[in-house]
Amino acid sequence: MNLHLFNTLSGQMEELVPMDGQTLRMYACGPTVYDYGHIGNFRTFLQVDVLRRFLKLTGMKLRHVMNITDVDDKIIRNAAAAGIAIGEYTPRYVDAFFEDLDALRVERPEAIARATENIDRMVELIQKLAAVGAAYQTDDGSWYFRLSAFPAYGKLSKKDLSGMEDGARVDVDEYEKDSARDFALWKAARPGETAWDTMIGRGRPGWHIECSAMSMAYLGDSFDLHAGGEDLMFPHHENEIAQSETVTHKPLARHWMHVRFLLVDGRKMAKSEGNFYTLRDLLLKGYKASAIRLALISVPYRHQLNFTFDGLIEATNAIDRLRTFYARLTQGTFAAGENPAMQSAAKKAQTEFMAALANDLNTAEARAPIFDLVRAANAAMDQGKLFTGDRDEILPVLKDFDAVFDVIEDRDAEPTRHAIAWAQQAGRTADVAPELLARQSLTDDAIEKLVTERTVAKKQRNFARADQIRNELAEKGVILEDSKDGVRWKRK
RNA sequence: GGCGCGGUACCCAAGUGGUAAGGGAGAGGUCUGCAAAACCUUUAUGCGCCGGUUCGAUCCCGGCCCGCGCCUCCA
C-alpha cells in the first residue's frame, strides 16, 4: 500500500516513491536549539514520525536527515546574555531536545546534521553561488543571495514577488543590499560575536544556506521529500530552493510536505498569549507522554490542530481503552479455534487502517477501524466467542497500529520521572503537580502488596477492608480491575 | 491588501453526490459483593447561512456570516 501524499509544490496528491527505486531520501528541518521545545515544534516532529513509521511499515527503506541549527541570532543573543560561549550554551538544549523526542517516542532520523559542523560546506556553496553571480558581498562583509538570479523564486509558496516593491515594507537601510528582498547567506561578524574565519570572510552562516548545504552533502543534489512546518515554506524553503537549484539546476526535492501549525485554545500559541507550553510543562502537570503523542498526531497533519487540555484527557482515556483491551487479549485465556466473524473483522481493520494512512496520512480515519475491532473483540470475549486463532489475528493488527501510533505499550513512567527530576534540578519544583509527587511515592511493589492483601480480604468476604484498600489506592491514582483472570491495576 | 484553511452532535474529529466513521463525555441497562473494565441502548431527519446545478448535496457552483493561519524570527 503506497503512500499518497499531498505535495505542496504541485498542489496535488502524489504517490511517494524513491526516485532511485530503493531508498526514500528525505530531509526534515529540525530545531534551532535556543530553548526547550514546545508542543508546536513537537507536532511537526511527530507528524514526520508518523510519515517515517508508516513508510517503514509499508516496507520502504529510508534515509532521513534532520538538521540542528546550533548557531543563529537567538542563540548568540541568549548565550551572550548567559555569559557563555554558544558551544556551551547549545548542548543542554540539544540534549533536552532528544530527551523530549524519546519521551514522545519520536524515532531518530538516520542522520543528524549540525550547522556548526558543516560550515565549510556552506562556505563552498556560497562561493559557487558567487561564481555564477547569484551571491554578492556588501561593504560590511556580509553575503547576500541575489533574488533576481533565480526567476522561479516563489514557486513553492505560490508567491508573486513582482508586486513587492523594493523598500515597500522591508527595512532597506540596515545593509546595503542590492534589492530589499535579497536574503543573507553569510553574516559578517560584529565585535564579540561568534564567528568563523573562512575564505569568504569572518562571520557566520545565514539560516537558509545551512539546509541547502547539508541536504546536498547528506542526500545529494536532488532527493525525494523535504518536510517541515508550514511557516518554513516561506521564506526558508523558498530560499533553500533558490540556493540549491541555482547551483545544481536540479529540483532540490521532488516532494514537499508541510505540517500545519497547532493552535492552543483556538489561538496561535505564543508566549505573549499565555498559552505557550513545552513538553516538560505538560508532563509536570501530570499528563502522560503517550497522551500528548496521541493528541498531537490524531488530527491529520494538513489540518490545524486545536490543542486543549480536554483533548489530552480524551487521548488519555482513549489510550486507556486500547491498553485495557490489549491486556485482556494477551493475559486472558481462550479456547482453541477460530470465529469467522472475528477473522474477517481483524482483516478488515488491518486493511482500512493501512488505507487510511496511505491516503495522505489520515490518522483520524486510521483510528476508527482499530476501535471498531476493539469493540467487536471485546464483545466476542464477553460472549466467549473469541478463540486463540482470533487472538493471533488481532494482535498483529494492534502491532501495526502501534508501529505507527506507538501508544499501547505503556512507557509513560520514565518520561514523567525524568521530567520531575529535571524540574527539581532546575529549581522548578513548584511546577510539579502535587498529585504527581504523591503518585510517584507509591512503588509498584507497595501496590502489589496491597492488591494481594485485598484479594485475601475478599476471599474472607471482608469487603470493608477490601474496599478500604481500593479507595486508598484510588487516592494515589491506582485503579483496580477485578476479573476472572485476576486483578489488574493501572496508574491513572 | 495578497495567499490559504476551516465552520459536522455536549466536546474532539473523519467522510461521501444518494441520505452521517471513530474517540471522549452524559443517560439508562446487563455483569459484579460493591466498583472498575466490558457489552447493549441512547445523544446531528441533520453537517454555518442563503441561493443555484441535480432525480437527489453535508459533500459541486455562487454569495454572505463567523473563526483561524501565512505574508517578519517562528514547527
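Every value quoted in this text rests on a predicted model; they were computed, and no experiment measured them.
- The distance from atom CZ of A:Phe234 to atom P of B:C74 is 12 Å, rounded to the nearest whole Å.
- For A:Arg375, counting side-chain heavy atoms from C-beta on, the closest listed nucleotide (B:C34, B:A13, B:C39) is B:C39.
- Outside the 6.0 Å centre-distance limit, the rings of A:Phe145 and A:Tyr153 are not counted as a close aromatic pair.
- Using bins of under 30°, 30° to 60° and over 60° for the plane-to-plane angle, the ring pair A:His258/A:Trp256 lands in the parallel bin.
- For the pair A:Asp310 CG and B:G23 P, the interatomic distance rounds to 18 Å; values are reported in whole Å.
- Using a 4.0 Å cut-off, no side-chain N or O of A:Asn362 falls inside it from OP1 or OP2 of B:A14.
- With B:A37, B:G22, B:C71 as the candidates, the nucleotide lying closest to the side chain of A:Ala368 is B:G22.
- Atom name C1', nucleotides B:U58 and B:A14: the rounded distance is 13 Å, in whole Å.
- A:Tyr277 has its ring centre less than 6.0 Å from the ring centre of A:Phe309.
- For the C1' atoms, the distance from B:A13 to B:C47 is 13 Å, rounded to whole Å.
- Applying the 4.0 Å criterion to OP1 and OP2 of B:A25, one finds that A:Arg321 has every side-chain N and O outside that range.
- When each of A:Asp49, A:Asp402, A:Asp406 is checked for a salt bridge (charged side-chain N to carboxylate O under 4.0 Å, His left out) with A:Arg105, only A:Asp406 meets the rule.
- When distances run from any side-chain atom of A:Val299 to the nucleotides B:A14, B:G69, B:G33, the shortest one goes to B:A14.
- For A:Asp382, whose side chain is taken as the heavy atoms from C-beta onward, the closest listed nucleotide among B:A14, B:C39, B:A75 is B:C39.
- Note on A:Asp320 versus A:Arg323: no salt bridge recorded, every NZ/NE/NH1/NH2 to OD/OE distance being 4.0 Å or above.
- Within 3.5 Å, no donor on the side chain of A:Glu365 pairs with an acceptor on the base of B:G15, nor the reverse.
- A:Ile370 places a side-chain heavy atom less than 4.5 Å from the side chain of A:Leu322.
- The separation between A:Lys490 atom NZ and B:A35 atom C1' is 12 Å, rounded to whole Å.
- Base contact: A:His38 has a heavy atom under 4.0 Å from a base atom.
- Across all strands shown, A:Ile39 has no heavy atoms under 4.0 Å from either base or sugar-phosphate atoms.
- Using atom C1' as the reference point in both B:G24 and B:U19, the two lie 27 Å apart (nearest Å).
- With C1' as the reference atom, B:C65 and B:A27 are 35 Å apart, rounded to whole Å.
- Backbone-only engagement by A:Asp372 is indicated by non-hydrogen atom pairs under 4.0 Å involving sugar-phosphate atoms exclusively.
- If you check every strand for non-hydrogen atoms under 4.0 Å, A:Arg43 touches nothing.
- Distance A:Phe183 CZ to B:C71 P: 16 Å, rounded to the nearest Å.
- The interatomic distance linking A:Lys385 (NZ) with B:C40 (P) rounds to 13 Å, in whole Å.
- In this structure, A:Asp72 atom CG and B:C73 atom C1' are separated by 9 Å, rounded to whole Å.
- With B:A75, B:G23, B:A37 as the choices, the nucleotide that has an atom nearest any side-chain atom of A:Phe261 turns out to be B:A75.
- Comparing atom distances between the A:Trp207 side chain and each of B:A38, B:C74, B:A36 picks out B:C74 as nearest.
- Taking atom P on both B:G63 and B:G1, the two are 15 Å apart, rounded to the nearest angstrom.
- B:U54: no Watson-Crick or G-U partner with both key distances under 3.5 Å is found in any strand.
- Considering only side-chain atoms of A:Arg181, the nucleotide from B:U72, B:A36, B:A14 that sits closest is B:U72.
- Every side-chain contact (heavy atoms from CB on, under 4.5 Å) that A:Glu314 has, sequence neighbours left out, goes to A:Arg367.
- For A:Pro300, taking side-chain heavy atoms from C-beta onward, the closest of the listed nucleotides B:A21, B:A13, B:A75 is B:A13.
- Nucleic acid contact for A:Glu481: base, since at least one base atom lies under 4.0 Å from a heavy atom of the residue.
- Of all nucleotides present, none satisfies the Watson-Crick or G-U wobble test against B:C47 with each distance under 3.5 Å.
- Taking atom C1' in both B:G15 and B:A57, one finds a spacing of 14 Å when rounded to whole Å.
- The gap from the P atom of B:C34 to that of B:C49 amounts to 48 Å, rounded to the nearest Å.
- Under the Watson-Crick or G-U wobble criterion, with both distances below 3.5 Å, B:A9 has no partner in any strand shown.
- Within 4.0 Å of A:Gly311, counting heavy atoms only, lies no atom of the nucleic acid at all.
- Listed nucleotides B:A75, B:C34, B:C73 differ in distance to A:Asp467; the shortest reach to its side chain belongs to B:C34.
- Under the Watson-Crick or G-U wobble criterion, with both distances below 3.5 Å, B:G4 is paired with B:C68.
- Residue A:Ala364 is classed as a base contact, given a heavy-atom separation below 4.0 Å to a base.
- You'll find a donor-acceptor pair under 3.5 Å spanning the side chain of A:Arg470 and the base of B:A35, going by distance alone.
- Residues passing the side chain to side chain donor-acceptor pair (under 3.5 Å) test with A:Ser215: none are found, sequence neighbours excluded.
- Residue side chain A:Lys268 reaches the base of B:C74 through a donor-acceptor N/O pair under 3.5 Å, judged by distance alone.
- Ring-base stacking between A:Phe463 and B:G33 is satisfied, the centre separation being under 5.5 Å and the plane angle under 30°.
- Nucleotide B:U32: unpaired (no Watson-Crick or G-U wobble partner with both distances less than 3.5 Å).
- Side-chain contact between A:Phe307 and A:Leu296: present, with at least one pair of heavy atoms (C-beta onward) separated by less than 4.5 Å.
- Classified by interplanar angle (parallel below 30°, tilted 30° to 60°, perpendicular above 60°), the ring pair A:Tyr27/A:His226 is tilted.
- Distance OH (A:Tyr301) to P (B:G6): 13 Å, rounded to an integer number of Å.
- Nucleic acid contact class of A:Asn317 (heavy atoms, under 4.0 Å, all strands): sugar-phosphate only.
- Atoms CG (A:Asp482) and P (B:A38) sit 14 Å apart, rounded to a whole Å.
- Nucleic acid contact class of A:Leu263 (heavy atoms, under 4.0 Å, all strands): sugar-phosphate only.
- Using a 4.0 Å heavy-atom cutoff across all strands shown, A:Gly37 reaches no nucleic acid atom at all.
- To the nearest whole angstrom, the two P atoms, one in B:C12 and one in B:U8, are 7 Å apart.
- Put simply, the side chain of A:Arg260 and the base of B:C5 share no donor and acceptor less than 3.5 Å apart.
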